[in-house]
Number of protein chains: 2
Amino acid sequence: MKNYSKYPKYYVAVDCVIFGYDIRKKLLKLLLVKRNIDPGKGSWSLAGGFVKEKESLDDAAARILRKLTGISTVLLIQSRTYGDTDRDPGARVISTSYYALTGTSEINHELVKDNGAHWRSVEDLPKLVFDHSKMVNQALHDLQNLLKTKPVGFELLPEKFTLVQLQELYEAILQVKVDKRNFRKKILSMDILEKLEEKEKQTSKKGAWYYTFKKERYDKLSMNGFSFNLDVS
Amino acid sequence: MKNYSKYPKYYVAVDCVIFGYDIRKKLLKLLLVKRNIDPGKGSWSLAGGFVKEKESLDDAAARILRKLTGISTVLLIQSRTYGDTDRDPGARVISTSYYALTGTSEINHELVKDNGAHWRSVEDLPKLVFDHSKMVNQALHDLQNLLKTKPVGFELLPEKFTLVQLQELYEAILQVKVDKRNFRKKILSMDILEKLEEKEKQTSKKGAWYYTFKKERYDKLSMNGFSFNLDVS
DNA sequence: CCAAAAGTGTTTTCTCTACACCCATGT
DNA sequence: ACATGGGTGTAGAGAAAACACTTTTGG
């Protein structure tokens, strides 16, 4: 429009930090792709793309996530916007990073493979293109904070999970050791988990009870001033 | 550059949520301007502007803050990026909001006046243009979180302040009532304040001791694992 | 001398932490 | 019968919350 026309325009992109959790190896993973466009073609990169004319930033992030994994209903949270002049040597590009929490079960693994994407442990990441490593660090930090104050750990686990698995997830992401009894006491006292009449029997002879997250119960409690807190030591 | 040329470009802006604290009235204030460009010319608005070719987003926010207030050394923190397609009816504009904490004393009030800016209490804001009200709400939320976990309250107070004033600031921003004895116990036990040999005598006959924030002391403690916490009830 | 705001400790409650043994079952 | 991982309770320390009176001094 006329009024703005003397001002410059820039490319606007989004980049997705896609977190997944490997329940067997107890590792937080990240979905990376090989960049298919210059500059930096062939480098490891976050899944990203330019924002289209008729889509919001949020929609662009959702589209990129969907295209790569087939998932559409996950937590997808805006993290930070990166706007240094020389962050992309190809041109001035402003990029907003989002992070996603994906239960690995909902993922379309064929699609992931076809897109040339790979899961990598966050503790063993390759060099990433541009400022993508900064994006990962920031997103990881955001995730750690979120995990302490919102019940989002369940997003990274299957529908049914054991308390041991939940604890291991907290230990893996927050990088701490947690006391088993204290952890169970805290999480169970919140009354947001439901114990099922079914056991997980792969990892032990005795078997461990499955639980599910009672979302409606949590929502109701939240409305009455309850706030989730699991600032584990 | 060649490779990106098939993708669209957009205007990129920043908007500043400039917080100030009125120590006498015990109110958190916000610096607003009248928008001088269509669309929305004449509406109340945050201080904002387009990002120039050779400046980062952070630099753009700092420039806008400086132009309006004369201040250059304040906390200026990125909040969130707003990218809905129709947020600005004039054109597609992606805008990143920043919030600033300003001690009202450092402000060049002449400059503020010349720019047609006005301080308004956050509890009594006019309708703002576009999605600027959302920006304010988000920034206020961010500020409240920050205040609990980082010693930033001092940024909004003069160099010398009394414990009563500090407590009132917390009460005003977090919207809670705080027990005087518990508040003092907590903040003093952190050993990050220095008591001066001077009293504030305007507001009472007895007078209240002035304190200053010991920044170096806080930095040293932080390095040794101390973390500020004032999650007052 | 009195009004107005500043300053000060103690008790109780709750939350956090540390810690070690029994249970169930498949092989 | 035994090895493997799952599950459980309690006591002590420390932090948070509740609570009311004394001090100072300008007018």
Side-chain angles (χ1 to χ4, degrees), chain A residues 23-26 147-149 157-158 160-172 174 176-212 221 225-233, chain B residues 23-26 147-149 157-158 160-172 174 176-212 221 225-233:
Chain A
I23 201 168
R24 301 213 74 98
K25 295 193 183 147
K26 302 164 195 174
L147 202 61
K148 292 175 188 172
T149 55
L157 289 172
K160 301 184 286 188
F161 53 87
T162 70
L163 293 183
V164 173
Q165 289 169 339
L166 183 62
Q167 178 177 345
E168 286 167 347
L169 180 145
Y170 270 84
E171 291 179 332
L174 298 181
V176 291
K177 263 284 166 205
V178 178
D179 181 273
K180 192 177 15 169
R181 284 179 282 193
N182 293 339
F183 180 82
R184 285 163 180 249
K185 223 181 306 168
K186 260 196 215 173
I187 189 79
L188 288 177
S189 73
M190 292 182 194
D191 186 29
I192 55 174
L193 295 187
E194 180 173 354
K195 185 178 183 172
L196 304 181
E197 290 305 317
E198 186 188 355
K199 280 188 165 183
E200 189 274 346
K201 305 272 299 180
Q202 277 87 268
T203 46
S204 83
K205 293 158 185 170
K206 182 178 178 182
W209 292 108
Y210 273 125
Y211 287 77
T212 53
L221 288 169
F226 166 79
S227 64
F228 184 91
N229 185 284
L230 231 128
D231 205 340
V232 290
S233 54
Chain B
I23 201 168
R24 302 213 73 96
K25 295 193 183 148
K26 302 163 195 174
L147 202 60
K148 293 175 187 172
T149 54
L157 289 173
K160 301 184 287 188
F161 52 86
T162 69
L163 294 182
V164 173
Q165 289 169 339
L166 183 62
Q167 178 177 345
E168 287 167 346
L169 181 144
Y170 271 84
E171 292 179 332
L174 299 180
V176 290
K177 262 287 164 202
V178 178
D179 181 275
K180 190 172 25 163
R181 283 177 284 193
N182 292 338
F183 180 82
R184 285 161 182 249
K185 223 181 303 169
K186 260 196 216 173
I187 190 79
L188 288 176
S189 73
M190 291 181 193
D191 186 30
I192 56 174
L193 295 188
E194 180 172 356
K195 185 179 185 173
L196 304 181
E197 291 305 316
E198 186 188 356
K199 280 187 166 183
E200 189 274 344
K201 304 274 297 182
Q202 278 87 268
T203 48
S204 82
K205 293 157 185 171
K206 183 178 180 182
W209 292 107
Y210 273 125
Y211 288 77
T212 54
L221 287 169
F226 166 78
S227 63
F228 184 90
N229 186 283
L230 239 149
D231 206 339
V232 289
S233 53

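Both backbone and side-chain heavy atoms feed into the values below; hydrogens, waters and symmetry mates do not.
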Peer 1: In whole Å, I'd like the distance from the OH atom of A:Tyr211 to the C1' atom of D:dG6.
Peer 2: 11 Å
Peer 1: So which one's nearest nucleotide on DNA chain D is more toward 5', A:Thr203 or A:Asp179?
Peer 2: A:Thr203
Peer 1: Find the distance B:Arg24:CZ to C:dA5:C1' and express it as a whole number of Å.
Peer 2: 14 Å
Peer 1: For B:Phe183 and C:dT8, give me the distance from atom CZ to atom C1', rounded to whole Å.
Peer 2: 16 Å
Peer 1: Polar atoms only, N or O, under 3.5 Å: list the protein pairs with nucleotides 25-27 of chain D and their distances.
Peer 2:
| from | atom 1 | to | atom 2 | distance (Å) |
| --- | --- | --- | --- | --- |
| D:dG26 | OP1 | B:Lys201 | NZ | 3.4 |

Peer 1: Please report the distance, rounded to the nearest Å, between CD in A:Gln165 and C1' in D:dG7.
Peer 2: 15 Å
Peer 1: Rounded to the nearest 0.5 Å, what's the gap from NZ on B:Lys185 to CG on B:Asp179? Could you check?
Peer 2: 7.5 Å
Peer 1: If I take atom CG in residue B:Leu163 and atom C1' in nucleotide C:dT8, what distance separates them, rounded to the nearest angstrom?
Peer 2: 12 Å
Peer 1: Rounded to the nearest 0.5 Å, how far apart are CG of B:Leu193 and CH2 of B:Trp209?
Peer 2: 15.5 Å
Peer 1: On DNA chain C, does the nearest nucleotide to B:Thr162 precede the nearest nucleotide to B:Arg181 from the 5' side, or the other way round? Give the residue.
Peer 2: B:Thr162
Peer 1: Are A:Met190 and A:Leu221 packed together at the side-chain level, in the sense that at least one heavy-atom pair is separated by less than 4.5 angstrom?
Peer 2: no
Peer 1: Could you go step by step and tell me if A:Phe228 and A:Ile192 meet the side-chain contact (heavy atoms from CB on, under 4.5 Å) rule?
Peer 2: CA-CA 10 Å; A:Phe228 184 91; A:Ile192 55 174; 3.8 Å; yes
Peer 1: Can you check the B:Lys180 NZ to C:dT8 P distance for me, whole Å?
Peer 2: 10 Å
Peer 1: Within the structure provided, determine whether A:Thr162 and A:Thr203 are in side-chain contact (heavy-atom separation under 4.5 Å).
Peer 2: no
Peer 1: Quick one: pull up CD in A:Glu171 and CG in A:Leu166 and give me the separation to the nearest 0.5 Å.
Peer 2: 10.0 Å
Peer 1: Are B:Leu230 and B:Leu147 close enough that some pair of their side-chain heavy atoms sits under 4.5 Å apart?
Peer 2: no
Peer 1: With rounding to the nearest 0.5 angstrom, report the OH to NZ distance, B:Tyr210 to B:Lys199.
Peer 2: 12.0 Å
Peer 1: In the 5'-to-3' direction, what one-character label does each nucleotide of nucleotides 11-17 of chain C receive under the scheme B = base within less than 4.0 Å of a protein heavy atom, S = sugar-phosphate only, - = no such atom?
Peer 2: ------B
Peer 1: Rounded to the nearest angstrom, tell me the gap between atom CD in B:Glu200 and atom P in D:dT24.
Peer 2: 18 Å
Peer 1: Counting only heavy atoms from other residues, nucleotides and ligands, does the tally under 6.0 Å from NZ of B:Lys26 exceed 12?
Peer 2: no
Peer 1: In whole angstrom, give the distance that lies between atom CZ of A:Arg184 and atom P of D:dG5.
Peer 2: 15 Å
